[in-house]
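Below is one structure, written out as structure tokens, with a few remarks after it.
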Amino acid sequence: MSSEEATIQQEQLDLKKPPEPEPEPAGPTSVLPADGGVQPSAAAAAVAADDVAPPSAEETTFRALVLTGHGGYDKIKVQVKTQVKVPLGDGDVLVRVKACGLNFAELMGRQGLYDALASPPVTMGMECSGVIEAVGGDVADRTVGDRVMVLSSSGLWQELAVVPADQTFLMPDAMSFQEGAALPVNYITAHMMLFEMANLRPGKSVLVHMAAGGVGIAATQLCQTVPGVTVFGTASASKHQVILDGGLSHAIDYRTKDYVEEIRNISPKGLDIVLDPLGGSDTQKGFNLLKPMGTIVVFGAANCVTGQKKNLLAMAKTWYNQLSIGTMKLMQANKSVSGFHLGYLTDLALIRHTMDTLMDLYVQGKIKPRIDSTYHFEEVADAMRRMHERQNVGKVILLPELKEEEEKKEEEEKEEKEQEDEEKEKEEKEQEKLAEAKPEEVKADQG
Ligand SMILES: NC(=O)c1ccc[n+]([C@@H]2O[C@H](COP(=O)([O-])OP(=O)(O)OC[C@H]3O[C@@H](n4cnc5c(N)ncnc54)[C@H](OP(=O)(O)O)[C@@H]3O)[C@@H](O)[C@H]2O)c1
């Protein structure tokens, strides 16, 4: 078995289905099975290589972003995979991926700090949007041509992906593919923390760290769906105007100011809810900031990450300073501490219910992912650098389409538009000429 085949078998979804029967031999309606975290219906048929011969009629090739080892940006490579076409498994759909979301967890995964990602080589990607190209047996509610968002533990940063249909979510007509790729992880996380765990209600106060990031913007928008909620947010100073315009009540530059002091100045009694993606000493600070009956939700350890490469000192510091509290003390404090990790949440019914709620909010115009920037697969290092260097305001998107292809398409569209405009102009001029002409000339012309 090749190492890639082994990978394909390792990359199982958290949301597992019962084992599937052996696939039928490839027939006329056959499609390829994708690897990478998504259901490998006939994974053993797959082969991947950097240099591949042209595919035969029974094969398909597609590009994927593969983590080849833990470390810096160079560890993620665009690989061309060749797979033998076989029929889709029951319950699966084949998705032509149009856009993918980049998450902070993927920066950590590249460094080897994210347990929910299988060991390299592994195809990365927890969310994408695209179009269904084929449907397996036992799939009643998806058809070819459906525009969908997809959620998985990994394996979605590739041009083609086979996924269980129940991990796809129909996109509203008005939603772009980039928005579709930006929504699932950030908004499900923010929604579940605020409404399932912290029971957000009118008049409450919330602290959102990384307020200009993907989850931060989602949380701020969701807070605004409840009347009278005050949202404090920490972010780099250059991003404050955008997040204040987006509905944040108070923006704090954590790089130059003590955010605890700033919050106490505005709200001396403290806060009702703290969302903590940082870990270490910030969890302790967040806990202390809570009012009685308040809740802190711990959902990340960004303090472990200081740059491109793994930083053992930062990891040790974060671990050493983490909040440690006995249950008796917790009881006396009248506070709650909870943890959230979407990668370990296997309740698909709850996820689907949350996505339904989010789609209603999207259609009503109450939530809208903010796209920071887009990068092509071959620019994945630049995309990750943008996040590491704390430059993004909103979501960073990866596009499977080759940069040249996109430029060519844009050029063609431009030419088409110019031609249309020219024809329209010509037509308008002719109409004007006709209108200016004397009635008898017109009659003569027509005669
Ligand atoms: N548990 C879960 O299920 C779950 C799901 C999704 C995300 N998360 C967590 O939520 C957090 C946000 O994730 P995201 O994907 O939305 O990313 P993001 O917020 O877009 O991340 C990038 C931004 O975070 C801020 N930041 C703070 N500390 C940083 C650091 N050490 N390195 C780089 N940037 C840092 C920077 O902005 P400023 O300088 O402006 O603050 C940066 O622009 C992460 O901790 C992530 O692990 C958890």
Side-chain angles (χ1 to χ4, degrees), residues 14 100-111 113-117 125-127 151 153 181-194 196-197 207-221 232-244 246 248 251-257 259 275-283 297-311 313-315 317-318 338-347 350-351 354 369-373 383-398:
D14 285 339
C100 309
L102 170 62
N103 286 289
F104 198 86
E106 273 128 4
L107 307 186
M108 299 182 82
R110 197 199 65 235
Q111 296 186 350
L113 301 179
Y114 187 69
D115 290 349
L117 183 69
M126 294 186 270
E127 61 189 342
L151 189 64
S153 56
L183 191 138
V185 173
N186 290 167
Y187 283 79
I188 292 174
T189 299
H191 194 280
M192 286 193 177
M193 291 193 297
L194 288 169
E196 301 286 340
M197 292 195 132
L207 171 58
V208 177
H209 286 292
M210 300 165 98
V215 177
I217 286 178
T220 305
Q221 291 178 2
F232 293 80
T234 64
S236 299
S238 61
K239 308 172 183 176
H240 284 193
Q241 200 49 55
V242 177
I243 51 178
L244 286 168
L248 202 80
I252 304 167
D253 178 10
Y254 68 101
R255 292 166 119 174
T256 57
K257 290 195 173 132
Y259 70 83
L275 304 182
D276 173 30
L278 301 170
S281 58
D282 287 295
T283 313
V297 186
V298 181
F299 70 110
N303 282 335
C304 289
V305 178
T306 58
Q308 191 191 159
K309 296 267 173 74
K310 180 150 78 180
N311 181 337
L313 193 65
M315 287 167 65
K317 212 171 132 195
T318 308
S338 39
F340 179 81
H341 198 314
L342 184 58
Y344 289 96
L345 190 70
T346 52
D347 187 344
L350 180 60
I351 291 175
T354 305
R370 184 180 203 281
I371 308 302
D372 170 76
S373 46
M384 289 196 158
R385 188 176 294 112
R386 185 158 176 87
M387 261 180 135
H388 273 300
E389 295 182 354
R390 306 183 190 217
Q391 290 169 347
N392 64 304
V393 185
K395 191 80 178 180
V396 178
I397 297 292
L398 294 167

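Count residues from 1 along the sequence. Atoms within a ligand are numbered from 1 in the order they appear, just like the ligands themselves.
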Quiz item: When the aromatic ring centroids of H209 and Y259 are compared, is their separation below 6.0 Å?
Solution: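 Close enough - the centres of the two rings lie under 6.0 Å apart.
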
Side-chain atoms of residues 300-308: list all donor-acceptor pairs with protein atoms under 3.5 Å, sequence neighbours left out, distances to 0.1 Å.
residue : atom : partner : partner atom : Å
N303    : ND2  : L278    : O            : 3.3
N303    : ND2  : G279    : O            : 2.9
N303    : ND2  : D282    : OD2          : 2.9
T306    : OG1  : N311    : ND2          : 2.9
Q308    : OE1  : Y73     : N            : 2.8

Residue of the set R386, R390, K395 for which salt bridge (charged side-chain N to carboxylate O under 4.0 Å, His left out) holds with D372 =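 Exactly one candidate clears the test, R386.
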
Straight-line distance of L275 CG to F340 CZ, nearest 0.5 Å =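 L275 atom CG to F340 atom CZ measures 11.0 Å (nearest 0.5 Å).
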
Item checked: Atom pair OG1/CG of T283 and D276 - distance to nearest 0.5 Å ->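 With rounding to 0.5 Å, OG1 (T283) is 3.5 Å from CG (D276).
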
Could you pull out the N/O contacts under 3.5 angstrom between ligand 1 and the surrounding protein atoms?
residue  : atom   : partner : partner atom : Å
ligand 1 : 1 (N)  : F299    : O            : 2.9
ligand 1 : 1 (N)  : F340    : O            : 2.8
ligand 1 : 3 (O)  : L342    : N            : 2.7
ligand 1 : 15 (O) : F104    : N            : 2.9
ligand 1 : 16 (O) : G214    : N            : 3.2
ligand 1 : 16 (O) : V215    : N            : 2.9
ligand 1 : 20 (O) : G214    : N            : 3.2
ligand 1 : 20 (O) : N392    : ND2          : 2.8
ligand 1 : 31 (N) : A302    : O            : 3.0
ligand 1 : 31 (N) : V305    : O            : 2.7
ligand 1 : 31 (N) : R390    : NH2          : 3.1
ligand 1 : 37 (O) : K239    : NZ           : 3.0
ligand 1 : 39 (O) : S236    : OG           : 2.6
ligand 1 : 39 (O) : Y254    : OH           : 2.5
ligand 1 : 40 (O) : S236    : N            : 2.9
ligand 1 : 40 (O) : S236    : OG           : 3.3
ligand 1 : 40 (O) : K239    : NZ           : 2.8
ligand 1 : 43 (O) : K239    : NZ           : 2.9
ligand 1 : 43 (O) : N392    : OD1          : 2.7
ligand 1 : 45 (O) : P277    : O            : 3.1

- request: Determine yes or no for a side-chain-to-main-chain donor-acceptor pair under 3.5 angstrom, with R255 supplying the side chain and A237 the backbone.
  value: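 Not at all, since once roles are kept as given, no pair shorter than 3.5 Å links the two residues.
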
